Protein chains: 2
Amino acid sequence: MSTEPGLRERKKAATRAMLCQAAMRLALERGVEHVTAEAIAAEANVSPRTFHNYFSSKEEAIVAAHFEGAHGLLESLRARPRDESVWTSLEVCAQELIDRLRGDASPDNLRRMFKELHTIKTHPALTAQHLNALHDLTRRLAEEVASRTGTDLDRDLYPRLLCAAVGAAFMAVTDMWVHGQTDRDLHDLLKEAFALLQAGLPIPSGMDTQPAAPSVPSAPSHSTGGSAVTPAYCEPDATARSVSPPPDIDSSRDATDQ
Amino acid sequence: MSTEPGLRERKKAATRAMLCQAAMRLALERGVEHVTAEAIAAEANVSPRTFHNYFSSKEEAIVAAHFEGAHGLLESLRARPRDESVWTSLEVCAQELIDRLRGDASPDNLRRMFKELHTIKTHPALTAQHLNALHDLTRRLAEEVASRTGTDLDRDLYPRLLCAAVGAAFMAVTDMWVHGQTDRDLHDLLKEAFALLQAGLPIPSGMDTQPAAPSVPSAPSHSTGGSAVTPAYCEPDATARSVSPPPDIDSSRDATDQ
DNA sequence: CGGAAAACATGCGGGTTCGGCAAAATTGCG
DNA sequence: CGCAATTTTGCCGAACCCGCATGTTTTCCG
């Protein structure tokens, strides 16, 4: 009884990868609306019926290509030290997710990732798939969080809420990166998001119009101490850590936010 | 130049409502997989082509029925006092959303809402549409939040992150309600979610395994002061405020969480 | 008020999407 | 190697969607 994947399983995984990569490639080349399941199958050298054995729609395939990087992320969380704060563990994993989505650090990969995210966030059908994938991922992460915090997934709100918030942060950060007006890098944005969440999302100072709610924390007391929040993730190539929008595709920055 | 909707506009809105309500009704009666666009159109007494003028898919129609309650929620936020904390405003609106999704307070409506949510969260295609609708809503809410907090939607992470987190809270709460093991009511769960978010989602006490991150707030110092967080929403029928899972549909509580 | 324009409903047709079914091909095991 | 299990593939049909053109209803204007 071998735990090594057999030829069958390896070929299945390879076919799946070929299909979703073909889907993404064609979508970026031709535009999502112009891609058909038939063309994807042909590009991957399988039959259309086989394509539908793997994916129920082309959108699913396209998003699957992008989200391949998320594969194994739950295992990464599981591998974190159990005595570590779940906040730290989750942040490390979220930052790792960004690196996985990008692949090797290079301007080309950065450009590709931007294009992929922009495409996904510009087409509602793709956005929906992406949100679904993220929702599924955070649901699974919540199980591990429950285990680590001694909470009950079905009775305590904490694990679900924490992971949902982390997923939301990921989404907000990538939305901002793609649609906003920022040249900050994704890691930096995500770090800020985690700091803000942990601080309880205080209303920006100077704009505190709350006359009667003393329960809202005043200023971010620890958002400046961010160095303690991203401790343990070792980026293989630390010099190329920066994940900012590529400078030569500013033309993508149209008013797609409408 | 009248601002009153003309007959045309009124008939359009009525047709749209008829269509999505028919979609939801049939989905609940027959199961989502057994509903066709043709049947929905027939149920609403229009042609299939007309159905597709309104919705590009049956899933969109089904979720639109559920999310009809969200219509006008942005206007509700805009109507909140501008000197109120956005936290308060958002919580009031989130609570209002629950009431809108439920409709008039009655055991039947409660049962229907549970069924609707359960259906949506059990079918991936519906979940995706639901997530998308929520994502769009929070995106629009973020504009108002930016306006109220003097932040810039495209340059500051805060408004997007706050609203994304609120959306995530809504999702986590409803997921918990439908799939978890709780008989707490939705309003109560949502209140807890807001308190937890504002407290920075502290790791439950006794489970604080964080050895080296002093930046994490210790105990929920204001999560018990929740009475200041839900101040101003006047529920029309306060005696039936409870939104807990209907007791006679425990059979829906199968292992759909897998 | 009547007629024209605009908006919406509808029918038709066609390309695409999906999945059931069965046969063919590939892989794993004794 | 033979056989069983698994995967691929071809075929088919129901359903999905949307472009296009025509008919109907509402709105606008003289």
Side-chain angles (χ1 to χ4, degrees), chain A residues 1-24 26-27 29-64 123-129 132, chain B residues 1-24 26-27 29-64 123-129 132:
Chain A
M1 195 63 185
S2 172
T3 59
E4 266 286 283
L7 182 58
R8 233 177 206 142
E9 216 170 309
R10 276 185 278 118
K11 292 191 79 170
K12 260 185 81 171
T15 300
R16 191 179 191 276
M18 260 198 305
L19 279 168
C20 63
Q21 281 155 29
M24 176 61 87
L26 291 177
E29 281 173 17
R30 307 180 182 176
V32 181
E33 334 67 56
H34 302 306
V35 179
T36 61
E38 190 172 352
I40 297 170
E43 182 83 4
N45 204 30
V46 297
S47 79
R49 189 66 188 81
T50 297
F51 171 78
H52 283 297
N53 285 344
Y54 284 87
F55 302 104
S56 62
S57 66
K58 70 178 187 184
E59 286 85 11
E60 193 186 322
I62 294 170
V63 169
H123 291 79
L126 294 183
T127 308
Q129 288 286 340
N132 229 6
Chain B
M1 194 62 184
S2 171
T3 60
E4 264 288 283
L7 184 59
R8 233 178 203 140
E9 216 169 311
R10 275 184 279 121
K11 291 190 77 169
K12 259 186 82 173
T15 300
R16 190 177 192 279
M18 259 198 308
L19 280 168
C20 63
Q21 281 155 29
M24 176 60 87
L26 291 178
E29 279 172 20
R30 306 179 181 177
V32 180
E33 331 69 55
H34 302 305
V35 177
T36 61
E38 191 172 352
I40 298 170
E43 182 84 4
N45 205 30
V46 296
S47 79
R49 191 65 187 83
T50 297
F51 171 78
H52 283 297
N53 285 343
Y54 286 84
F55 302 104
S56 62
S57 67
K58 69 177 185 184
E59 286 86 10
E60 193 185 323
I62 294 170
V63 169
H123 291 80
L126 294 183
T127 308
Q129 287 287 339
N132 230 7

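Proteins get letters first, then strands, A, B, ... in listed order; numbering begins at 1 in each. From a predicted model like this one, the values you see are computed outputs, not experimental measurements.
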### Summary
Sorted by chain and residue number, the side-chain contact (heavy atoms from CB on, under 4.5 Å) partners of S56(B) (sequence neighbours excluded) come out as E60(B)

### Message
What is the distance, to the nearest angstrom, from the CE atom on M18(B) to the P atom on dA9(C)?
### Response
10 Å

### Task
Return the value, rounded to whole Å, for the distance between atom CZ of R30(A) and atom C1' of dT16(C).
15 Å

#### Entry: Side chain proximity check, K12(B) to E9(B), heavy atoms < 4.5 angstrom
no

### Query
Taking CD1 from I40(B) and P from dA15(D), how many angstroms apart are they, rounded to a whole number?
13 Å

List, one per line, each side-chain donor-acceptor pair under 3.5 Å for residues 29-40 of chain B, sequence neighbours excluded.
from	atom 1	to	atom 2	distance (Å)
E33(B)	OE2	H123(B)	NE2	3.0
T36(B)	OG1	A39(B)	N	3.0

### Task
State which of dT7(D), dC8(C), dT10(C) makes the closest approach to the side chain of K12(B).
dC8(C)

### Message
So, OP1 or OP2 of dT10(C): does either fall under 4.0 Å of a side-chain N or O from T50(B)?
### Response
yes

### Inter-residue atom distance M24(A).CE - K58(A).NZ, 0.5 Å rounding
13.0 Å

### Query
What is the distance from CD of E38(A) to P of dG15(C), rounded to the nearest Å?
12 Å

### Task
Sugar-phosphate atoms are those with a prime plus P, OP1 and OP2; base atoms are the rest. Using that split, label each nucleotide of nucleotides 19-30 of chain C B, S or - for protein heavy atoms under 4.0 Å, 5' to 3'.
BBB----BBS--

### Query
For the pair made of CZ in F51(B) and P in dA15(D), what is the distance, rounded to whole Å?
14 Å

## Note on the structure
A125(A) meets the side-chain contact (heavy atoms from CB on, under 4.5 Å) criterion, sequence neighbours left out, with E59(A)

### Query
So does Y54(A) get a side-chain nitrogen or oxygen closer than 4.0 Å to the phosphate oxygens (OP1/OP2) of dT8(D)?
yes

### Nearest-Å distance for atom pair CD/P, residues E60(A) and dT17(C)
14 Å

### Task
Nearest whole angstrom, please: distance from the C1' of dA21(D) to the CG of N53(B).
14 Å

### Query
Who pairs with R8(B) by side-chain hydrogen bond (donor to acceptor under 3.5 Å, both in side chains), at least two apart in sequence or on another chain?
none

### Query
How would you list, by chain and number, every residue that makes a ring pair (Phe, Tyr, Trp, His ring centres under 6.0 Å) with Y54(B), sequence neighbours excluded?
none

#### Entry: Nucleotide dA9(C), atom C1' - distance to CZ of R16(B) in whole Å
17 Å

